[in-house]
> 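Structure provided below as structure tokens; questions to follow.
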Amino acid sequence: MKKVTDPEFRKYGRVLDIKIPDLLERLGKTPVTEGVVYVASEPELEACAELEAIQNSVFGGLPIQIGYCNGHNDTLNAIEYHRCSEINVAYQGAVLMVGSQQDIADDFTYDTGKMELFEVPAGCAVELYATTLHYAPCSLGQEGFQVAIILVKGTNEAMPEVTGAIAEDRLMTARNKWLIAHEESGLGADGAFVGLTGKNLKTNI
């Protein structure tokens, strides 16, 4: 496992040099569940003192939402990407499994052997570029993880109407969210496109 501060992470994203004490304090009060819980927009986090600075300096003034993804996880299950960067803020250390959108095959399959694992230190804010494949964070320790998820406002809301005229439409599962699932995840039963080949990666492999 590499670290987000290693040179190998540069093609996937960057560590942000921002001070976010209020956001971190609020994030630490969000619940840690046994499984994984994602909340796209959390008013308590969006009330943080740093929201305007993040919105203006990181997202260029675009409206943003701040939610969280918390819990315990050690498995990939799926990959997703957006048409915007995603900021992850780790309260305690976490692990990110990431890959490159450019490696998705023409038939929208993707070999999980191309994924890489990176450790995010506690208190660190990381930008994942729009072309970076990712999904739920993984636990670094027994205590689980609490990760703030910052995206352009409206991301992950109800899926817009698409005609299927564009082949990529089959991957869309929500607004600004394209997803490819592994058959072992069970997400295919909910209509997700199953196209991950290879192992359903775990952090202990």
Side-chain angles (χ1 to χ4, degrees), residues 9-14 35-41 58-60 62-71 73-88 94-118 120 126-138 145 147-203 205:
F9 187 70
R10 291 177 183 170
K11 67 179 179 179
Y12 300 116
R14 61 182 176 133
V36 177
V37 171
Y38 172 67
V39 175
S41 177
V58 181
F59 286 88
L62 292 174
I64 62 172
Q65 62 193 33
I66 305 179
Y68 63 84
C69 187
N70 292 1
N73 181 44
D74 66 357
T75 308
L76 176 61
N77 285 324
I79 56 172
E80 67 179 10
Y81 57 93
H82 313 290
R83 292 289 191 257
C84 64
S85 287
E86 174 176 312
I87 309 303
N88 287 187
V95 177
L96 296 178
M97 296 185 184
V98 295
S100 295
Q101 184 182 349
Q102 294 88 338
D103 290 328
I104 297 175
D106 291 342
D107 63 356
F108 300 112
T109 58
Y110 177 84
D111 178 6
T112 61
K114 296 180 182 293
M115 299 291 283
E116 296 189 77
L117 276 65
F118 290 90
V120 185
V126 174
E127 177 181 0
L128 299 179
Y129 299 143
T131 54
T132 296
L133 307 174
H134 61 281
Y135 200 49
C138 292
F145 58 87
V147 176
I149 308 293
I150 309 175
L151 285 157
V152 169
K153 192 172 183 63
T155 299
N156 289 320
E157 290 183 358
M159 178 176 162
E161 289 188 20
V162 290
T163 64
I166 297 176
E168 190 186 24
D169 284 351
R170 73 186 71 175
L171 307 185
M172 196 182 302
T173 59
R175 181 173 296 180
N176 192 24
K177 176 177 179 173
W178 290 261
L179 182 142
I180 303 174
H182 195 282
E183 62 180 354
E184 294 177 4
S185 70
L187 294 171
D190 296 326
F193 176 79
V194 177
L196 291 189
T197 62
K199 294 180 178 179
N200 190 15
L201 299 179
K202 293 182 178 292
T203 52
I205 292 179

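Side-chain atoms are counted along with the backbone in the values below, which use heavy atoms only and exclude waters and symmetry mates.
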> For the atom pair CD1 (I87) and CD1 (I64), what is the distance rounded to the nearest 0.5 Å?
8.5 Å
> Over all heavy atoms of both residues, which pair between S85 and E127 is shortest? Give the atoms and the distance, please.
OG-OE2, 2.6 Å
> Roughly how far, to the nearest 0.5 Å, is the OH atom of Y38 from the CG atom of N70?
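One finds 11.5 Å between CG of N70 and OH of Y38.
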> Given the rule in the side chain to side chain contact (heavy atoms under 4.5 Å, CB included) test, do M115 and Y110 qualify, once you have shown the distances and angles that lead to the verdict?
CA-CA 10 Å; M115 299 291 283; Y110 177 84; 3.4 Å; yes
> Closer than 4.0 angstrom, basic N to acidic O: yes or no for K202 and E184?
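A salt bridge is absent here (no side-chain N lies under 4.0 Å from a carboxylate O).
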> Within the 4.5 Å heavy-atom criterion, are S41 and E157 side-chain neighbours or not?
no
> In Å and rounded to the nearest 0.5 Å, what is the CG to CG distance from L179 to L133?
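The CG atom of L179 sits 10.5 Å away from the CG atom of L133.
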> Flag the pair L128 / H82 as yes when at least one side-chain heavy-atom distance between them is below 4.5 Å, and no otherwise.
no
> Under the side chain to side chain contact (heavy atoms under 4.5 Å, CB included) criterion, do K114 and S100 qualify, and how do the steps go?
CA-CA 8 Å; K114 296 180 182 293; S100 295; over 6 Å; no
> Does a side-chain heavy-atom distance below 4.5 Å link F145 with V36?
yes
> Any side-chain heavy atom of Y12 within less than 4.5 Å of one from E116?
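In contact.
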> What are the two closest non-hydrogen atoms of Y81 and T132, and how far apart are they?
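Heavy atoms of Y81 and T132 come nearest at CB-O, 4.2 Å.
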> Restricting to non-hydrogen atoms, name the atom on V152 and the atom on T155 that form the minimum distance, rounded to 0.1 Å.
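Residues V152 and T155, closest heavy atoms: O-OG1, 2.8 Å.
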> Can you give me the closest heavy-atom contact between A136 and N73, atom names plus distance?
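Residues A136 and N73, closest heavy atoms: O-ND2, 3.8 Å.
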> Which distance, rounded to the nearest 0.5 Å, do you find between the OG1 of T173 and the CD1 of I180?
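If I round to the nearest 0.5 Å, the distance is 11.0 Å.
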> Is there a donor-acceptor contact under 3.5 Å from the side chain of N176 to the main chain of R83?
yes
> Apply side chain to side chain contact (heavy atoms under 4.5 Å, CB included) to residues N77 and H182 and explain how you reach the verdict.
CA-CA 5 Å; N77 285 324; H182 195 282; 5.7 Å; no
> If you take all heavy atoms of I79 and Y135, which pair is closest and at what distance?
CA-CB, 4.4 Å
> Set out, in order, the CA-CA distance, both residues' side-chain angles and the distance that settles side chain to side chain contact (heavy atoms under 4.5 Å, CB included) for K11 and Y129, then state yes or no.
CA-CA 8 Å; K11 67 179 179 179; Y129 299 143; over 6 Å; no
> Any chance CD of E183 has more than 12 other-residue heavy atoms, nucleotides or ligands included, within less than 6.0 Å?
no
> What's the spacing between L76 CG and S185 OG if we round to 0.5 Å?
9.0 Å
> Has R10 got more than 12 heavy atoms of other residues, nucleotides or ligands less than 6.0 Å from its CZ?
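Result for CZ/R10: open.
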> For the residue pair V147 and N88, what are the closest heavy atoms and their distance?
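Taking V147 first and N88 second, the nearest heavy atoms are CG1-CB, 3.8 Å.
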> Just say parallel, tilted or perpendicular for the rings of F9 and F118, cut-offs at 30° and 60°.
perpendicular
> Could you tell me whether a side-chain N or O of T112 sits under 3.5 Å from a main-chain N or O of N200, the two making a donor and an acceptor?
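Not confirmed, T112 side chain does not pair with N200 backbone.
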> Just so I know, are the side chains of H134 and E80 near enough to count as touching, which here means a heavy-atom distance under 4.5 Å?
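They are in side-chain contact.
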> Any side-chain heavy-atom pair from F59 and I150 closer than 4.5 angstrom?
yes
> Could you state the interatomic distance from SG (C84) to CG (L62), rounded to the nearest 0.5 Å?
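Here the rounded value is 8.5 Å.
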> State which residues pass side chain to side chain donor-acceptor pair (under 3.5 Å) with R170; sequence neighbours excluded, sorted by chain then number.
none
